[in-house]
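Note sheet for the following structure.
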Number of protein chains: 2
Amino acid sequence: MLIRKLDGIAQLSDEERRAIAQLPVTVRPLGPHQDIVREKDKPSQCCLLLDGWACRYQILSEGKRQIFSFHIPGDIPDLHSLHMRVMDHGVCTLSSAIVAFVPHEPLRDLTAAFPGIAAILWRDTLVDAAIFRAWMTGLGRRTASEAVAHLFCELYLKLQAMGLARDHAYRLPLTQSEIGDALGLSNVHVNRTLRELRGKDWITLQGGRLEINKWQELANSCDFDPAYLYLERRIA
Amino acid sequence: MLIRKLDGIAQLSDEERRAIAQLPVTVRPLGPHQDIVREKDKPSQCCLLLDGWACRYQILSEGKRQIFSFHIPGDIPDLHSLHMRVMDHGVCTLSSAIVAFVPHEPLRDLTAAFPGIAAILWRDTLVDAAIFRAWMTGLGRRTASEAVAHLFCELYLKLQAMGLARDHAYRLPLTQSEIGDALGLSNVHVNRTLRELRGKDWITLQGGRLEINKWQELANSCDFDPAYLYLERRIA
DNA sequence: CGTTGACTTGATAAAGCTCAAATTTGGTGG
DNA sequence: CCACCAAATTTGAGCTTTATCAAGTCAACG
């Protein structure tokens, strides 16, 4: 299956490739804003995003929401559930999406049989954690416009690495409220921040399509350093 | 060595125990506020904290600092370096500390030979990521006093699980600036927040010792739900 | 063509920052 | 034991950033 798409990260032996291809998967199309896993669930499978966007989030009292990450095709947003029984957060689609479910059992067997595959998947969850850290500094130490700029840069590189974006432009199926919930801002303030970035002509954003007109300026303004995405291998 | 301390998380076979005990380690005492690994380093070893506190952090332009996590004895703050070549952040001591260094090579061999050990270590990095997520909601969606309360509750449970705290009290070798850098607050505002918590007599904090007088009130005020620490196994 | 959800704008308030100046504390050398 | 120093804590005042509340616009869609 398309799972090998993700495993272009490192070199796989033929045997490993074969073992992965034999994993039982269930492919399912989903509508937008549909839950894939909910907080407190005890899932028995992981999901590989084949198409569309998803996010991980948590709802707090008073209806506040924190979004932890955005996910694009090739990601396995709940890979961690392989070793953690209960979800501390939910996963839901943002756009309509196509998802492949892989049961935990065979996946665990696979990692036990092939330490190389285990290392790749482990590494994937570590990159995840590195992105969390980058978001933490955004939430804690960056101004609103720096945080938005940083997010846009990050998403571009992730999409580009998967061959889903080029020329500094991409489809961005996020509402301003969703951006706010990710960056710890109100939807109103996100709106003003976007206006500011548009005003400087650094970006063009309309109809769910983002174009970064001044990559250098945008990246410099927020000290964007792509090292934390650990994309080196994918480029190769 | 004391590495098995950490591996009380799950049941180990004798063989696994033996293999762990044979890992080559170098134990070293360190003074307070000393770097263990720096951002952009390419370490060839991991460090296990045997005694004292450490933290992971990143410095941004203009001297701002974001602290990502606090670490206590039993933690391996840079375990992720096993699968990521270059550090995207630094690790330093907070108090004076004792650290055991374990080279990557034999550790990698160990995980390849014992998938069970690999799973435990992997899981450890996943709990780490879960704590990052909890901090993200603190940074993004909680008020200053909620965030401080949440941090104090988290640290108590982590310390208690390692047998380093009881009766809702513990040594807290952090300055107010360090707390601020962790929670995205200025040192001044941390100070006022602490005053507020002291005023309600929820906590007593002096001379580096924290006592939580009203656990229920403190935990409720910040919606503290310890599930994300995944401590179940350790209790057993 | 009316409804809905997203976006936009304005006005006001709150949370938290910065700067600056005490005050306290913990150590250190005499 | 005391004087002294540096670091940490505490307090005050004014200022920014961002939140909140309230309208109003716009576009998509049945």
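The chains referred to below are lettered A, B, ... by the order of the sequence lines, with proteins before strands, and numbering in each begins at 1. Given the structure is predicted, the values throughout are model-derived calculations rather than measurements. Quick note: numbers below take in every heavy atom, side chains included, and nothing from hydrogens, waters or symmetry partners.
- Under the 3.5 Å distance criterion, the side-chain polar atoms of B:S177 are left unmatched by any main-chain donor or acceptor of B:N187.
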Show me the donor-acceptor pairs within less than 3.5 Å that the side chains of residues 41-54 of chain A make with the rest of the protein, sequence neighbours left out.
from  : atom 1 : to    : atom 2 : distance (Å)
A:D41 : OD2    : A:R38 : N      : 3.0

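- Summarising the geometry, the separation between CZ on B:R195 and P on C:dT24 is reported as 15 Å, rounded to the nearest angstrom.
- Shown for residues 168-185 of chain B: residues whose heavy atoms fall under 4.0 angstrom of DNA chain C, namely B:G184, B:L185.
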Can I get a per-line list of side-chain donor-acceptor pairs under 3.5 Å for residues 189-197 of chain B, giving both atom names and the distance, sequence neighbours left out?
from   : atom 1 : to     : atom 2 : distance (Å)
B:N191 : ND2    : B:Q176 : OE1    : 2.9
B:T193 : OG1    : B:H189 : O      : 2.7

Protein-proximity profile, nucleotides 20-30 of chain D, B/S/- by nucleotide at the 4.0 Å heavy-atom cutoff, equals BB---------

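- A distance-only check finds no donor-acceptor pair linking the side chain of B:T93 to the backbone of B:S96 [under 3.5 Å].
- Five base pairs at each end of the helix from C:dC1-D:dG30 to C:dG30-D:dC1 define two local axes, and these are offset by 40° (rounded to 10°).
- Side chain of A:R141 to main chain of B:R65: a donor-acceptor pair is present (N/O by atom type, distance under 3.5 Å, no hydrogens or angles).
- Residue-environment remark: CZ (B:R28) stays at or below the threshold of 12 foreign heavy atoms within 6.0 Å.
- For the pair B:D223 and A:K64, the salt-bridge criterion is not met [side-chain N within less than 4.0 Å of a carboxylate O].
- Following rounding to the nearest Å, B:N191 (CG) and C:dC17 (P) show an atom-to-atom distance of 12 Å.
- A:D75 places none of its side-chain heavy atoms less than 4.5 Å from the side chain of A:F70.
- DNA chain C lies under 4.0 Å from at least one heavy atom of each of the following residues of residues 132-145 of chain B: B:T143, B:A144.
- Residue A:W135 is tested with A:H150, A:E154, A:Q66 for a side chain to side chain donor-acceptor pair (under 3.5 Å); the sole match is A:E154.
- Side-chain contact check for A:H89 versus A:F68: some heavy-atom pair is nearer than 4.5 Å.
- From A:I67, atom CD1 reaches atom OH of A:Y57 across 9.5 Å, with rounding to the nearest 0.5 Å.
- Summarising the geometry, the separation between CZ on B:R209 and P on D:dT9 is reported as 17 Å, rounded to the nearest angstrom.
- Taking the six-membered ring where the residue is Trp, A:Y170 and A:Y156 present parallel rings, their angle staying beneath 30° rather than reaching 60°.
- Counting only distance, with no hydrogens or angles, the side chain of A:Y230 and the backbone of B:V86 share a donor-acceptor pair below 3.5 Å.
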